[in-house]
Protein chains: 2
Amino acid sequence: MARSDTRFREAYNQLLDYCEALPPGASVPSEKDLGDVADVSRTVVRRCLARLQERGVISWEGREKRLLRPPTREDRIEVPDSRPSSDDLEQRFLDWVLRFDVPADTPLSVAELSRMFAVPQHELKEFLAGLSRFGLVARRRQGGWTLRGFTKEFAIELSEFRSVLELHAVRVAAEMPVDHHIWPRLARLRAAHEDLRERIDADFHEFSKLDESFHQVINSVVRNRFVEEFQKVISLIFHYHYMWDKAEEKVRNAAAIEEHLAIIDALEARDAAEAHTAAERHLRTSKTTLLSSLRYHELG
Amino acid sequence: MARSDTRFREAYNQLLDYCEALPPGASVPSEKDLGDVADVSRTVVRRCLARLQERGVISWEGREKRLLRPPTREDRIEVPDSRPSSDDLEQRFLDWVLRFDVPADTPLSVAELSRMFAVPQHELKEFLAGLSRFGLVARRRQGGWTLRGFTKEFAIELSEFRSVLELHAVRVAAEMPVDHHIWPRLARLRAAHEDLRERIDADFHEFSKLDESFHQVINSVVRNRFVEEFQKVISLIFHYHYMWDKAEEKVRNAAAIEEHLAIIDALEARDAAEAHTAAERHLRTSKTTLLSSLRYHELG
DNA sequence: CGTCCGTCTCCAATTATAAAAAACATTTGA
DNA sequence: TCAAATGTTTTTTATAATTGGAGACGGACG
């Protein structure tokens with residue numbers, strides 16, 4: 001009933017590996033050095049050494065540590081199945097919200113979500129606290145959380161915010177010097193767009209991915225931690241909604257390709273005003289699409 | 001070792017107050033209704049009723065509840081000193097960081113902070129998780145948190161982000177109809193600015209507050225949860241830094257008043273382009289001031 | 001003297017648990 | 001007969017206890 005000793009277990013196995021590379025009878029480095037090897041504190045190193053001594057892998061007395069025998073497969077300690085979760089909790093949570101169209105004002109049960117995503121409760125609470133900064137969820141007075149959710153207002157505000165950030169990015173991009181990394185990237189994007197334009201009838205599904213990279217490249221000219229943080233959420237939401245709104249997908253994607261190309265054209269011509277106009281047009285289309293996909297889901 | 005029963009205690013006292021308003025011998029409403037009165041669940045109401053019965057304030061058998069005697073001061077239960085904290089933790093935390101110039105990459109101890117701010121640990125952890133969304137703090141691999149802090153890069157990125165949001169707000173404001181609430185507010189701001197301009201030699205300290213309301217009014221035309229969330233942090237940081245950078249404060253503030261008035265002039269003339277230019281000029285000054293105040297602190 | 005180790009202190013992740021909420025079942029009375 | 005109230009059980013949340021781990025300090029060793 002306390003914290004896990006995963007850190008110890010991983011360090012132990014790592015030190016076994018380290019010992020394997022040592023010649024037999026060699027003296028083992030200092031606790032501090034071993035700590036650097038496994039990236040843990042001395043406290044953990046000493047626990048590992050104690051176990052190694054116990055199993056007769058090393059002798060240990062004061063600062064005299066010697067390798068007695070090469071470590072075997074038997075010596076290894078089991079490490080409790082590391083978490084493939086936790087890292088991409090954000091991705092999986094938003095995926096869940098959008099995929100199942102979880103309605104606004106749904107009460108969120110930390111207990112339930114924690115089971116669902118196989119993540120400790122406190123981690124989920126911290127995660128939700130983070131999301132509340134984006135206004136996606138809110139704390140309830142009687143405890144717990146609600147999904148403030150995917151309402152029309154949310155979509156409008158999100159679109160507006162996205163426009164503000166992205167129009168700024170376009171303005172910045174137009175001013176970039178010729179040797180900036182954006183230009184080769186834009187060239188590649190143009191090629192990809194023109195390629196897909198030819199194959200649009202068959203491969204219109206591929207656009208979703210292309211759209212994501214396009215916006216990512218545009219925004220990459222703005223080096224700003226705040227912008228970057230938001231971009232993650234924004235792109236995820238737009239990405240999924242595009243994928244699921246099946247109405248007129250082919251026509252929509254074909255049109256979007258042209259809009260993207262118009263922006264690329266203007267940027268490559270260093271025509272800031274025209275790039276801005278083209279970007280505004282495209283963002284307006286995007287907003288409309290997002291809103292109509294909402295209506296579609298509400299009806300369906 | 002479990003959650004506090006503050007909720008019960010507060011509800012209990014509240015129900016006592018409620019009973020006081022009842023005529024003697026009256027029948028007490030249903031559990032559900034009492035729950036609505038005190039804004040708690042039936043579970044808590046029943047705990048309260050049990051105690052009321054035990055103390056002989058009411059009789060309680062099934063759904064027959066009657067007031068036996070008016071409740072006295074003696075009947076009240078002590079409620080463990082409610083938290084004057086917690087609410088404005090954000091305010092107090094940023095205040096601490098800025099006031100003591102806590103340097104970048106300082107390790108933050110949850111335990112220490114929790115004592116310092118008289119807030120339960122888990123609450124602090126959630127708070128820090130939220131701040132990490134703004135890139136103000138970051139989780140360390142070996143556990144705990146660091147203040148990513150108030151570096152030059154941070155100030156630049158914050159200023160840039162602020163400019164993006166605020167220039168957008170100015171553009172929106174210029175388009176607002178004559179009956180919008182912004183216009184009377186701007187008029188009042190103009191008066192306040194002109195008033196302070198006359199008294200600037202003596203009262204230049206007052207500008208800090210005026211600056212905050214000015215930017216708040218400008219941004220109030222943008223109804224957007226994302227913008228609002230950020231604005232809180234941004235204004236706090238700029239506000240404090242202005243207050244502490246004592247170098248040339250009077251000259252600086254006098255200049256800022258003129259810049260503000262230029263923006264107001266242009267907005268009232270519905271000259272969007274000029275308003276934009278004036279706002280850009282002012283935001284550039286702000287950024288310079290923020291950066292120089294950083295240098296000042298580093299040297300001092 | 002500088003590094004290494006034994007010891008100690010404090011912190012943080014994690015879990016256990018009481019308090020509260022919510023769901024469910026039963027009764028009651030118009 | 002059925003809606004509202006109460007009794008009962010289940011689930012969830014907030015918080016403290018618990019244990020693993022990080023780091024500080026001083027002495028010892030070379």
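These numbers come from a predicted model, not from an experiment. Letters go in sequence order (proteins before strands), and every chain restarts at 1.
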Chemist: Find which nucleotide of DNA chain D each of A:Asp5 and A:Glu112 is nearest to by heavy atoms, and output the residue with the more 5' nucleotide.
Modeler: A:Glu112
Chemist: Which parts of residues 25-33 of chain B get close to DNA chain D, meaning a heavy atom less than 4.0 angstrom away?
Modeler: B:Ser30, B:Glu31
Chemist: Side chain of B:Ala111 only, please: which of C:dT14, D:dT6, C:dC11 is the nearest?
Modeler: C:dC11
Chemist: Suppose we screen for salt bridge (Lys or Arg N to Asp or Glu O under 4.0 Å). Which residues come up paired with B:Glu157, at least two apart in sequence or across chains?
Modeler: A:Arg225
Chemist: Grab the CH2-C1' distance between A:Trp60 and C:dG6 for me, whole Å please.
Modeler: 10 Å
Chemist: When you check the phosphate oxygens OP1 and OP2 of D:dG7, does a side-chain N or O of B:Arg46 lie under 4.0 Å from one of them?
Modeler: yes
Chemist: Round to a whole Å and report the spacing from CG of B:Asp39 to C1' of C:dA20.
Modeler: 13 Å
Chemist: Nearest to the side chain of A:Val44, heavy atoms from C-beta on, is which of D:dA22, D:dT15, C:dA13?
Modeler: D:dA22
Chemist: Could you tell me the separation between the CD atom of A:Glu123 and the P atom of C:dT14, rounded to a whole number of Å?
Modeler: 7 Å
Chemist: Return the set of residues passing ring-ring contact (aromatic ring centres under 6.0 Å, His included) with A:Phe226 (not counting sequence neighbours), or none when no residue passes.
Modeler: B:Phe154, B:Phe161, B:Phe230
Chemist: Does the side chain of A:Arg47 get closer than 4.0 angstrom to OP1 or OP2 of D:dG21 through an N or O atom?
Modeler: yes
Chemist: B:Arg73: which residues meet the salt bridge (Lys or Arg N to Asp or Glu O under 4.0 Å) condition with it, sequence neighbours left out?
Modeler: none
Chemist: Rounding to an integer number of Å, can you tell me how far A:Leu34 CG sits from C:dC5 C1'?
Modeler: 13 Å
Chemist: What's the NZ-P distance between B:Lys125 and C:dT15, to the nearest Å?
Modeler: 12 Å
Chemist: From CD of A:Glu10 over to P of C:dA13, roughly how many Å is that when rounded to an integer?
Modeler: 16 Å
Chemist: Is any side-chain N of the basic residue among A:Glu90 and B:Arg133 closer than 4.0 Å to the acidic one's carboxylate O?
Modeler: yes
Chemist: Return the set of residues passing side chain to side chain contact (heavy atoms under 4.5 Å, CB included) with A:Arg9 (not counting sequence neighbours), or none when no residue passes.
Modeler: A:Asp5, A:Ile77, A:Val79, A:Pro80
Chemist: Testing A:Val57, A:Asp75, A:Leu68, A:Leu67 one by one against A:Leu52 for a side-chain contact (heavy atoms from CB on, under 4.5 Å), which residue passes?
Modeler: A:Val57
Chemist: Whole-Å distance between C:dA13 P and B:Arg139 CZ?
Modeler: 7 Å
Chemist: For A:Leu108, answer base if it contacts any base atom (sugar-phosphate contacts may also be present), sugar-phosphate if it contacts only those atoms, and nothing otherwise; contact means non-hydrogen atoms under 4.0 Å.
Modeler: sugar-phosphate
Chemist: Return the value, rounded to whole Å, for the distance between atom CG of A:Leu124 and atom C1' of C:dA13.
Modeler: 15 Å
Chemist: Would you indicate, yes or no, if D:dT13 has its OP1 or OP2 atom less than 4.0 angstrom from a side-chain nitrogen or oxygen of A:Ser109?
Modeler: yes
Chemist: B:His122 side chain N/O closer than 4.0 Å to the phosphate oxygens (OP1, OP2) of D:dA14?
Modeler: no
Chemist: Once side chain to side chain contact (heavy atoms under 4.5 Å, CB included) is applied, do any residues pair with B:Pro70, and if so which ones, sequence neighbours excluded?
Modeler: none
Chemist: Test of understanding: with salt bridge (Lys or Arg N to Asp or Glu O under 4.0 Å), list the residues that count as partners of A:Arg148, not counting sequence neighbours.
Modeler: none
Chemist: Phosphate oxygens OP1/OP2 of D:dT15: is one of them under 4.0 Å from a side-chain N or O of B:Arg7?
Modeler: no
Chemist: Taking only N and O in the side chain of A:Lys65, is any of them less than 4.0 Å away from OP1 or OP2 of C:dC4?
Modeler: no
Chemist: Counting primed atoms plus P, OP1 and OP2 as sugar-phosphate and everything else as base, spell out the protein contacts along nucleotides 23-30 of chain D at 4.0 Å heavy-atom distance: B, S or - for each nucleotide, 5' to 3'.
Modeler: BB---BB-
Chemist: Both conditions, 6.0 Å and 45 degrees, for the charged tip of B:Arg51 above the ring of B:Tyr12: are they met here?
Modeler: yes
Chemist: Name every donor-acceptor pair, under 3.5 Å, that has one atom in a side chain of residues 112-121 of chain B and the other anywhere in the protein, sequence neighbours excluded.
Modeler:
residue  : atom : partner  : partner atom : Å
B:Ser114 : OG   : B:Val119 : O            : 3.2

Chemist: Which nucleotide in the set C:dG6, C:dA20, C:dA13 lies at the smallest distance from any side-chain heavy atom of B:Phe8?
Modeler: C:dA20
